[in-house]
Amino acid sequence: MFSRLLPRTATRSALQAQNQAPHILRSSPITCLLSDRISQRRGYATPAEEKDLVIIGGGVAGYVAAIKAGQEGLKVACIEKRGSLGGTCLNVGCIPSKSLLNNSHLYHQILHDTKNRGIEVGDVKLNLEQMMKAKETSVNGLTKGIEFLFKKNNVEYIKGTGAFADEHTVKVNLVDGGETSVRGKNIFIATGSESTPFPGLTIDEKKVITSTGAIALKQVPKKMVVIGGGIIGLEMGSVWSRLGAEVTVVEFLGQIGGPGMDAEISKNIQKTLAKQGMKFMLNTKVTQGDDSGEIVKLDVEAAKGGKAQTLEADVVLVAIGRRPYTSGLGLETIGLETDNKGRLVIDSEYRTKIPHIRVIGDCTFGPMLAHKAEEEGVAAVEFLTKSYGHVNYGAIPSVMYTHPEVAWVGQNEAELKEAGVKYKVGTFPFSANSRAKTNLDTDGMVKFLADAETDRILGVHIVGPNAGEMIAEGTLALEYGASTEDVGRTSHAHPTLAEAFKEAAMATYSKAIHY
Amino acid sequence: MRLTRVLLQKRQPLIKFLGKRHTPKQVDHTPHAHPASPTHELPESFASYRTRAQQHGPLGAAQTAQPYGAIGGRPGRALGPVEPKKGEYWDRNELPKRFHRTRWTAAEMEALESGGASMFG
């Protein structure tokens, strides 16, 4: 009983106040108050320790920072409210979507691309439930793997929703009930992002879905409309198109793939996806939607004004982008500010205006990519432990996992033109690559952009098989400040798809051999 | 000799090994705009907060010697063992005041002796 009355840690002033007004002991609500005050005064023999680092959010940015901090010997706690680690990426983003993309591609290939390869297959049926189970197995394996890494690196995993109580304290509403609080000398905010809703449409994750619903549909829709022709829209559109849905992509801009994709590459992949059965409506805006009935109706018209028409769909995928997720974090309690897009404002060392509170990942500046968040997690911890860290925002690759894949790093032609940079271009098609030929998978090309004078690589853009893996070489070259000649004079094994990469580099400073 | 000259005239790759990585001795920790910031500038609040803030000692002083403050700048493990050397003893009263023994107040003593009943009396 006494321990409850006199629990731990505290200031003398609190008890002085009690001494000055002893009568308050007699009132029961105030007794609680006094008890709290006393509790702030006297500590137990082993008071709750202050962590070196508290991380709010166990997504890619948060968990990577937590593991790195554990490796560096910091006492670290990571707060995650989802109940499983890995954030959007592992639970409802990159990982489950890649499982569906891979398996739906296999299904589509078995259905449509086996006879000319000399493989006769019998009755091919889709078992969507099993495909979803395969996805869940991958996801569970990976999220549990992170929990193991937490234990291995002495990271305390707190399951709950964190909110700032003050600049050093985070109050946590625990998933299993109750609450606790944790103090940190340093605090990282890594709360990620959420899908941007479309005004006028209610997301129910059944008829009107975001990427979260798109990886968990119970049946293949007959008609699907995708609002937004960016990476998420095209990947999830691809999945359901391969499984049998009639997919129409409505995009406000004049090209698919989002703003970073090179226009030539974008046209190339659009042509290929159209061949696979996807329909595209570019320069088109959705003016309003009606999701009150069984079928969702969307009114669309040309972006610059024009004839309106109504699209009908069983399922509408809203993929118009993502926005930082910081609600409920108690930013107002400590006076942290966000910019006009909801991003937390930080300096070059990830510090907010309160220097011991840093922000990493989707909820601050930069592209919303898991690998960018991962880099920031490591760099931010290094700023704590080594006083310096580094992320090169000019060499962060982007990948779209359609088939063929699209990948790029550095600048595209439009960006170079806008910056007034003189550049040269070298391309090589996969149709001239021996490995692509043997794989009967020859759609696409590799494109280099290099400084016209120095030959330094400024951008690499790939559409084709294995582009997502191949871009790693481009990123390394860009990071090292390589010239196209450096790449072109580096031996690449034969026969590999990577030879297309080398030949495109050769085509930039000289001529390709096989084209 | 001639062969060496010919070899040296060959193309030099742009990618070169720069040698073992060294920790920079002087790192400028004054706040600068984040490279991916769309505005390329920091709000006024960054400077004003630092001017008035006092966290683990004055921020301004901490920034020069230990950028992250005397406390919390390094992991506890790096600070070494806390036990006194053999034959040495520490007197609690020599420690900063916050480590001194907290005196029992009359109210606490009463609570103790009454088994906590005085808190509800």
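Chain letters run A, B, ... following the sequence lines, proteins first, then strands; residues in each count from 1.
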Peer 1: Does CZ in A:Arg323 sit with more than 12 non-hydrogen atoms of other residues, nucleotides or ligands closer than 6.0 Å?
Peer 2: yes

Peer 1: Heavy atoms only: give me the nearest A:Pro355-B:Tyr49 pair and the separation to one decimal.
Peer 2: CD-CE2, 3.6 Å

Peer 1: Within this structure, what is the CG-OH distance for the pair B:Leu18 and A:Tyr480, rounded to the nearest 0.5 Å?
Peer 2: 9.5 Å

Peer 1: Of the listed residues (A:Val391, A:Asp347, A:Leu53), which shares the most heavy-atom pairs with chain B below a 4.5 Å separation?
Peer 2: A:Asp347

Peer 1: Under 4.5 Å, counting heavy-atom pairs only, tell me which of B:Ala33, B:Pro35, B:Ser37 racks up the most with chain A.
Peer 2: B:Ser37

Peer 1: Give me the ring orientation class for B:His34 and A:Tyr393: parallel if the planes are under 30° apart, tilted from 30 to 60°, perpendicular past 60°.
Peer 2: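 Ring orientation, 0 to 90° scale: perpendicular.
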
Peer 1: Please state whether the side chain, the backbone, both or neither of A:Arg456 comes within less than 4.5 Å of a heavy atom of chain B.
Peer 2: neither

Peer 1: Got a second to check how far A:Tyr388's OH is from B:His29's NE2, nearest 0.5 Å?
Peer 2: 11.0 Å

Peer 1: Please report the C-alpha distance between A:Glu337 and B:Phe46 in whole Å, then the side-chain angles of each, then the deciding distance to 0.1 Å, and finally whether the side-chain contact (heavy atoms from CB on, under 4.5 Å) criterion is met.
Peer 2: CA-CA 10 Å; A:Glu337 56 225 333; B:Phe46 274 66; 4.2 Å; yes

Peer 1: Within the supplied structure, the quantity of interest is the number of heavy atoms (other residues, nucleotides, ligands) at a distance under 6.0 Å from B:Glu88 CD; does it exceed 12?
Peer 2: yes

Peer 1: For chain B, find which of A:Asp455, A:Asp339, A:Val345 contributes the most heavy-atom pairs closer than 4.5 angstrom.
Peer 2: A:Val345

Peer 1: How long is the span from the CG atom in B:Leu42 to the CZ atom in A:Arg351, to the nearest 0.5 Å?
Peer 2: 9.5 Å

Peer 1: Please examine the side chains of A:Lys353 and B:Ser48, heavy atoms only from C-beta on, and report whether any two atoms are closer than 4.5 Å.
Peer 2: no

